[in-house]
Amino acid sequence: MGLEQFKNRNVGQQKYVKLELGQTPETPMGKFSQVLRRTFKPELIIGLWVTMREMINALFKGQMHTVKYPFEKLPISPRYRAIHEMLRLLESGHYRCIGCGLCEKICISNCITMDTRYDENQRKEVSEYTINFGRCIFCGYCAEVCPELAIVHGPRYENASEQRASFSLFEDMLTPIDKLNLQQEYDGFGAVSPNADENIKKTPLAY
Amino acid sequence: MEVVTYTNVETFVQHLPEVTAAGVWIKAIIILAVISAVAGFGTYLERKVLAFMQRRLGPMHVGPYGLLQIIADGIKLFTKEDIVPQNANRLIFMLAPAITAATAFIALAAVPVFPNFTIPQWVPVLGGTFVPSIAADLNIGILFVLGMMAAGLYGPLLAGMAQANKWGIIGAARTAVQFLSYEVVTGLSILAPIMLVGSLSFVDFNAAQAGGISHWLIWQQPVAFILFLIAGFAETNRTPFDLLEHEAEVVSGYATEYSGMRWGMFFIGEYANMITISIIAAVVFLGGYSEEGIGWLTIILKVGFFFFLMLWIRAAWPHVRPDQLMWLCWKVLMPIAVINVVITGIVMMV
Ligand code: SF4
Ligand code: SF4
């Protein structure tokens, strides 16, 4: 479906249809004929046909709507802010975080705890990094402030876990080294979803 | 309209072997076992059909295509704690579901379920026993079945009043309203075909319509058929007349406080009633069964169609209010039924 008709905002050029609601009958004869008309209107049969049609559509035309959730998942918007991920450099595989501490500083619920030290090459390395997801409000400030695109929000929205710690340590959030080639770059906060065009709907302004 | 008199009824039934007590016992056990199983399967069908009509999948994960869901539900129902609320009338509360289930199965005693057959000789003890298609072929079969199904309404009525719950009380009141409304229509609507056939026995009805689709009573009595169908929906508490347990208004009506197997008995009773009404409609209006060939397949198809119709209508139509039900039954359906009976009588006389 093209988007042209949605983009036509010139009010007054659309086709308005006035509903024929008829008159409320005044006379007994009029009321009687209305009862007759309504009785023999095939509305109930039409209702039956509608449900039957949906059943045929679902069974034979592949229009079943069920998503078998734990086995199938709908794509989520790239703007979605779920459990954080720490990304790695694609070339070296080293983690991107430079230990600048900006995320810890900006976090409005004070849930990032980190510590750094100098390694043997006098490079700063992250010795400890945890996010307390019991406090995190998923505001996204940490990902926004990170100068290295090191901490980002991932697509993992299933937060149920036996232990809170199981996804809050640095190693848990870090891209596994063997999955480096699968690492998704984060589009950032202004990103539109890949199917954004399909999601455009008429707003009331267009009527 | 040509009025047919049926004189060959005796010739139709005479060649059947003698019905023994053992045969009736076996039949009763078969009915109990098969109809309970079918009622359980009916819940699965209902969930599946409703799901398809809403473009969902329905139960999928227990067994192939969710077929074993019934067993899972059964285990759940059986192992649930049997709770009796504090201020409830214990005895009546515990008895009421049994009334619903028992009357539903008693009603099935007088309707034809499955063909006649004789147990083969090689079976020990029971070999050679003739098992009739109707456990009790009463000469007032239709009255008996309708009476039993009407008595079944005591289940919801007593359950609602015994459970010390306001939703239950409302459900019970609605039971009374519903009972008073549709029962007249059921009786009057089925009176016209009874006048035509001149008998209250299902076997006679079946014999009267033997001889192809053109002999079916639905062509002579279309109005009675529709009225009976409407009343049948009310009788089995199906949408659009399921105001006894309409979740959106009265939580679960008469079944609010029930859980576990007692609730399951209400459910089995309701599904058994659906099957009974389907069988009555098939036998009285749609030609019933025939003994030879694939005759029994046809009635299974007819019953299946009515069963599907009930699910279909549940998916499609909204509920009515109790006052609308009373209005419909007393001011619309009953006059039509009376007029139908009178016209049938006049046509028969002329
Ligand atoms: S999303 Fe917000 S609350 Fe959560 S860690 Fe980042 S800055 Fe802190
Ligand atoms: S803002 Fe980025 S680079 Fe700086 S400490 Fe946080 S994650 Fe590491």
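Chain A is the first sequence line, chain B the second, and so forth, proteins listed ahead of strands; every chain is numbered from 1.
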_Quick check on A/Lys73: does its NZ atom have over 12 non-hydrogen neighbours (other residues, nucleotides or ligands) under 6.0 Å away?_
yes
*Against chain B, label A/Leu44 side chain, backbone, both or neither, depending on which of its atoms sit under 4.5 Å from a heavy atom there.*
both
_If you count every heavy atom of other residues, nucleotides or ligands that lies below 6.0 Å from A/Glu26 atom CD, does the total exceed 12?_
no
_Pair B/Arg55-A/Gln63, side chain to side chain contact (heavy atoms under 4.5 Å, CB included): steps then yes or no_ = CA-CA 7 Å; B/Arg55 288 205 243 156; A/Gln63 293 190 13; 3.3 Å; yes
_I'd like to know which of B/Gln54, B/Met53, B/Met60, B/His61 tops the heavy-atom pair count under 4.5 Å against chain A._
B/Met53
*Side chain from CB out, backbone as N, CA, C, O: work out which of these in B/Trp317 comes under 4.5 Å of a heavy atom of chain A, or both, or neither.*
side chain
*What parts of residues 47-58 of chain A touch chain B if we use heavy atoms and a cut-off under 4.5 Å?*
A/Gly47, A/Leu48, A/Thr51, A/Met52, A/Glu54, A/Met55, A/Ala58
*asked:* Check this for me: A/Tyr69, atom OH, are more than 12 non-hydrogen atoms of other residues, nucleotides or ligands nearer than 6.0 Å?
replied: yes
_With a sphere of 6.0 Å drawn around CZ of B/Phe308, does it hold more than 12 non-hydrogen atoms of other residues, nucleotides or ligands?_
yes
*Any chance CZ of A/Phe32 has more than 12 other-residue heavy atoms, nucleotides or ligands included, within less than 6.0 Å?*
no
*Which of the residues B/Val332, B/Val49, B/Leu57 is involved in the greatest number of heavy-atom pairs with chain A at under 4.5 angstrom?*
B/Leu57
